[in-house]
Amino acid sequence: MPVPIIAANWKMTTTIKEAKALAGSIRSRLEKLKGIQILVFPPFPAIESVLSILSKSRIAIGAQNMYFSDRGPYTGEVSPEMVVELCKYVILGHSERRLLLNESDQEVALKIQAASKYKIKPILCIGETFQQKESDQAKQVIERQLYAGTEYLENPTDLMVAYEPIWAIGTGVAATPEEAQLNMEYIRACLEKRYGAESGRKIPLLYGGSVTKENVSRFIYQKDIDGTLIGQASVNPDSFVNIVTQAAKLV
Ligand code: 13P
């Protein structure tokens, strides 16, 4: 089994002070753990402080978003050129941005293209709403988001895709591992169609949505699930450390 990836999306839930405390706690408790790849995504203002706390550790850092233009009069935005000065990963197209901030498939596609230009590794997030799932449209929605988001991405070497059903995010109701596997097997098939079997097979797929220490192993155990993207449970050091420890046992 390849080394599982555990990614922590801290969203807009930590001040700089809290992010530093969280990073320090994670580092001291997970530093020696092998057989796992850990990525943390602090809010922008905390990235630099977290970087210094995690420097020379095995825990990598990323940004939760970025704009697609190189630079210019875009008040409040952060460019890929700025992100790459700090870190090598970025979450793009998270459903909270799509739904609450009206981020479109086209914007996500431009951001993925920009990430590739600056050699930043993107995690492209896709996933259906409860209504779409209930009306049997999940596959259609994730296929559209996947192909639209990768429209300008020629080479998928650095791409990761997170399947995050919207109804499972922050609700405490995770998808069943079997249900997630079915949709992620479909994502894999779409990626193989888009990039060829060999390249498509190598793209890491993460599941996100109410992941806990109790269910993490059952997700990672699935054939097309290479890791998880965690929200709520990643900002509590005890629960995050427990999740990572569980996942590392599978290798
Ligand atoms: P929760 O783990 O809180 O459900 O959030 C998942 C998520 O949105 C990660 O990006």
Side-chain angles (χ1 to χ4, degrees), residues 4-14 18-19 22 26 36-44 46-47 50 59-66 83 87 89-103 108 111-112 115 120-130 132-133 138 141-142 145-146 149 159-177 179-180 183-184 187 204-220 222 225-247:
I5 301 163
I6 302 289
N9 178 4
W10 294 356
K11 306 192 179 183
M12 199 182 73
T13 65
T14 57
E18 288 161 353
L22 181 57
I26 290 172
I36 196 92
Q37 187 184 353
I38 307 169
L39 310 173
V40 300
F41 295 81
F44 271 126
I47 289 182
V50 170
I59 304 171
I61 293 145
Q64 295 175 18
N65 177 42
M66 67 180 194
V83 168
C87 52
Y89 293 88
V90 66
I91 294 174
L92 294 174
H94 193 282
S95 61
E96 285 152 10
R97 298 196 57 80
R98 293 179 190 262
L99 292 175
L100 305 172
L101 300 160
N102 294 323
E103 195 162 293
V108 176
K111 290 178 178 194
I112 294 276
I120 304 169
K121 300 171 199 270
I123 299 183
L124 167 62
C125 300
I126 57 177
E128 80 286 359
T129 63
F130 182 71
Q132 289 164 337
K133 164 184 144 79
V141 170
I142 57 187
Q145 290 178 338
L146 185 67
L159 178 69
M160 286 186 255
V161 176
Y163 169 59
E164 300 205 301
I166 292 166
W167 48 270
I169 295 179
T171 58
V173 184
T176 64
E179 182 176 25
N183 284 328
M184 293 172 78
I187 293 170
L205 303 186
L206 314 181
Y207 167 80
S210 297
V211 173
T212 60
K213 72 173 192 310
E214 283 79 24
N215 62 22
V216 66
S217 307
R218 288 187 291 127
F219 282 113
I220 291 175
Q222 302 295 320
I225 306 187
D226 305 296
T228 57
L229 178 55
I230 304 163
Q232 219 159 279
S234 74
V235 286
N236 173 311
D238 290 341
S239 62
F240 187 64
V241 167
N242 281 330
I243 288 174
V244 174
T245 314
Q246 283 297 328

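In each ligand, atom 1 is the first atom listed, and ligand 1 is the first ligand listed.
Residue S210 has at least one heavy-atom neighbour below 4.0 Å for each of these atoms of ligand 1: 1 (P), 2 (O), 4 (O). Atoms of ligand 1 lying under 4.0 Å from any heavy atom of H94, numbered from 1 in the order shown and given with element: 7 (C), 8 (O), 9 (C), 10 (O). Listed by number with element, the atoms of ligand 1 under 4.0 Å from a non-hydrogen atom of A168 are 4 (O). When each atom of ligand 1 is checked for a heavy atom of N9 under 4.0 Å away, the hits are 9 (C), 10 (O). Less than 4.0 angstrom separates some heavy atom of L229 from each of these atoms of ligand 1: 9 (C), 10 (O). Interface atoms of ligand 1 facing G170, defined by a heavy-atom separation under 4.0 Å, are 1 (P), 3 (O), 4 (O).
Taking all heavy atoms of G127, S234, G231 into account, the minimum distance to atom 1 (P) of ligand 1 is reached by G231. With E96, E164, Q232 as candidates, the residue nearest to atom 10 (O) of ligand 1 on a non-hydrogen basis is E164.
No side-chain donor from either of E103 and H94 sits under 3.5 Å from a side-chain acceptor of the other. Judged purely by distance below 3.5 Å, without hydrogens or angles, the side chains of W167 and E128 pair a donor atom with an acceptor atom. No donor-acceptor contact under 3.5 angstrom links the side chains of Y163 and Q145, judged on distance only.
Not a single heavy atom of A233 lies less than 4.0 angstrom from ligand 1.
To the nearest 0.5 angstrom, C125 atom SG is 11.0 Å from R97 atom CZ.
Of the possible donor and acceptor atoms, one in the side chain of T212 sits under 3.5 Å from a partner among the backbone N and O of E214. Judged by distance alone, the side chain of S210 and the main-chain N or O of A168 form a donor-acceptor pair under 3.5 Å.
Classified by interplanar angle (parallel below 30°, tilted 30° to 60°, perpendicular above 60°), the ring pair F41/Y89 is perpendicular.
Among protein heavy atoms, the minimum distance from atom 5 (O) of ligand 1 is reached at K11 NZ, 3.3 Å.
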